[in-house]
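Data block below; observations after.
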Amino acid sequence: MKVEVTDDFLRDGLQDEPVVVSTAHKLEIAAALVDAGLKRMEVASFVNRKRVPQMADAADVVPSLPAVPGVTYTSLALNGRGIQRAVDSGATDIQVVTSASQAHSKANAGQAIEDALASLGAAVAEYPEARFFAGISTAFTCPFEGAIDPAYLLRVVRVFKDMGITDVGLADTLGTTPTGQVMASLHHVREAEPDLTYYLHLHNAHSQALATASATTPSRPATGLCSRLMPGQSVSTTSPTTGKTPAPNTSGPTSSRSLRACWNGCRWQRRPLGVTLPRRLPEQTSARPAR
């Protein structure tokens, strides 16, 4: 099984913090994460600057990132305008995101799911040179609507497929969905659309992200200091602002050098936030695959 690790600190981590980290410090963090061995990072979101001031410098961050062979930087967009800004800044790998919940879509993107998908589809068609992948927020549980029907989730997945997108991420936005429910929904969409590649984006709000990650990769229990994990047919992990950092060598034994480099990267992450990094050593879960 192929395992891919994505660090999401510069985007998902920083956008929820009460402070705005400078562009220069973001670039220092990116360099530290590259030194830690990470090959894929989500670094910015091209969204409303007033609503998310932490991402207001996205167009400055993306073109200034260190060019390293084998390292991919991705960005996020919620609508056509965001996609245009991302492409104009030089972004080549762009995650286009909508919700699986109407209520969440209206609260997060200010529009219905159908309108959001139509805007995204039109913009995706305009930029065939860009590499797009999809992200579906509240794929399993919504704070307003509760549990999401897997059949409805599948309909959203198929709209992205019709855009020509073959990589789809499913997010447990609240971090409250039980492992069994995640696995059941994942099974439903994979059975219906087996040719797509799926990722899970799991927030560790209730300390179950590693257990769910292990359930999706039973041949290798999840190991590391991660609070947001995205495993699936391919597995991506993201580093959070809660004091944990990804183990970069997920496909093999984690070396002490890799962990030290990761720890240094995490210290770089925490420094501009004015918080103390708690000591937490890697723990290995032994969750059984969900049935």
Side-chain angles (χ1 to χ4, degrees), residues 4-16 40-47 52 55 58 72-83 85-86 91-102 104-105 107-111 113-121 123-124 127 130-142 148 150 152-175 177 182 185-186 189-190 193 196-203 209 212-213 216 228-240:
E4 183 176 72
V5 178
T6 299
D7 184 276
D8 207 4
F9 175 80
L10 288 170
R11 200 280 300 174
D12 201 6
L14 291 184
Q15 75 175 22
D16 288 330
R40 186 178 176 90
M41 287 175 264
E42 189 165 281
V43 297
S45 58
F46 289 85
V47 292
V52 191
M55 296 290 110
T72 299
Y73 302 108
T74 75
S75 302
L76 179 148
L78 296 177
N79 52 39
R81 173 58 180 157
I83 292 175
R85 289 177 55 212
T92 57
D93 295 77
I94 303 169
Q95 179 178 200
V96 290
V97 177
T98 191
S99 302
S101 153
Q102 288 287 6
H104 184 267
S105 180
N108 190 53
Q111 56 186 335
I113 294 173
E114 294 78 9
D115 296 332
L117 287 169
S119 170
L120 290 172
V124 165
Y127 300 101
R131 292 183 291 270
F132 291 101
F133 60 105
I136 303 177
S137 301
T138 61
F140 313 105
T141 305
C142 170
I148 299 298
Y152 189 82
L153 174 62
L154 176 60
R155 288 199 289 271
V156 178
V157 167
R158 282 176 166 162
V159 175
F160 280 122
K161 179 186 176 183
D162 290 343
M163 296 180 198
I165 293 175
T166 58
D167 289 11
V168 180
L170 309 177
D172 182 22
T173 305
L174 297 181
T177 309
V182 171
S185 293
L186 179 60
V189 296
R190 289 181 69 175
E193 295 293 346
L196 302 180
T197 296
Y198 297 94
Y199 301 83
L200 296 182
H201 183 96
L202 307 174
H203 289 189
T212 302
T216 64
R228 291 178 183 150
L229 295 174
M230 301 175 3
Q233 194 170 39
S234 297
V235 180
S236 301
T237 66
T238 63
S239 71

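Quick note: numbers below take in every heavy atom, side chains included, and nothing from hydrogens, waters or symmetry partners. Residue indices begin at 1 and follow the sequence shown.
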* Asked: When you measure from the side chain of His203 to the backbone N and O of Thr173, does any donor-acceptor pair fall under 3.5 Å?
  -> yes

* Separation between OG1 of Thr138 and CG of Leu153, rounded to the nearest 0.5 Å -> 9.0 Å

Table please: side-chain donor-acceptor pairs of residues 94-102 below 3.5 Å, with sequence neighbours left out.
from, atom 1, to, atom 2, distance (Å)
Gln95, NE2, Glu42, OE1, 2.7
Ser99, OG, His104, ND1, 2.7
Ser101, OG, Ala103, N, 3.4
Ser101, OG, His104, N, 3.1
Ser101, OG, Glu145, OE2, 3.3
Gln102, OE1, Ile113, N, 3.1
Gln102, NE2, Glu114, OE1, 2.9
Gln102, NE2, Glu114, OE2, 3.0

* Given side chains that start at C-beta, do those of Phe132 and Met163 come closer than 4.5 Å, heavy atoms only? -> no

* Asked: Can you tell me if Ser45 uses its side chain to pair, donor with acceptor, with the backbone of Leu76 under 3.5 Å?
  -> no

* To do: Using a 4.5 Å cut-off on heavy atoms from C-beta on, say whether the side chain of Asp12 contacts that of His201.
  => yes

* Closest non-hydrogen atom pair between Arg85 and Val47, with its separation -> NH1-O, 3.1 Å

* Asked: Below 4.5 Å, heavy atoms only, C-beta onward: do Ile83 and Phe46 meet side chain to side chain?
  -> no

* Between atom CG of Leu202 and atom OG1 of Thr212, what is the distance when rounded to the nearest 0.5 Å? -> 5.5 Å

* Asked: Which value, rounded to the nearest 0.5 Å, describes the distance between Thr197 atom OG1 and Arg190 atom CZ?
  -> 9.0 Å

* Side chains of Ile136 and Phe160: does their closest heavy-atom pair fall under 4.5 Å? -> yes

* Structure fact -> Tightest non-hydrogen contact, residues Ala123 and Gly80, listed as CB-CA, 3.6 Å

* Spatial distance of atom CZ (Phe140) from atom CG (Leu186) [nearest 0.5 Å] -> 6.5 Å

* Structure fact -> By side-chain hydrogen bond (donor to acceptor under 3.5 Å, both in side chains), Arg155 pairs with (sequence neighbours left out) none

* Could you give the distance from CG (Asp167) to CG (Leu196), rounded to the nearest 0.5 Å? -> 8.5 Å

* Structure fact -> The complete set of salt bridge (Lys or Arg N to Asp or Glu O under 4.0 Å) pairs with one or both residues in residues 130-140, sequence neighbours excluded, reads Asp93-Arg131

* Asked: Do you know the tightest heavy-atom contact between Ala139 and Leu170?
  -> CB-CB, 3.9 Å

* To do: Output the distance between atom CG (Asn108) and atom CG (Leu78), rounded to the nearest 0.5 Å.
  => 6.0 Å

* Close side-chain approach of Tyr198 and Val157, heavy atoms under 4.5 Å -> yes

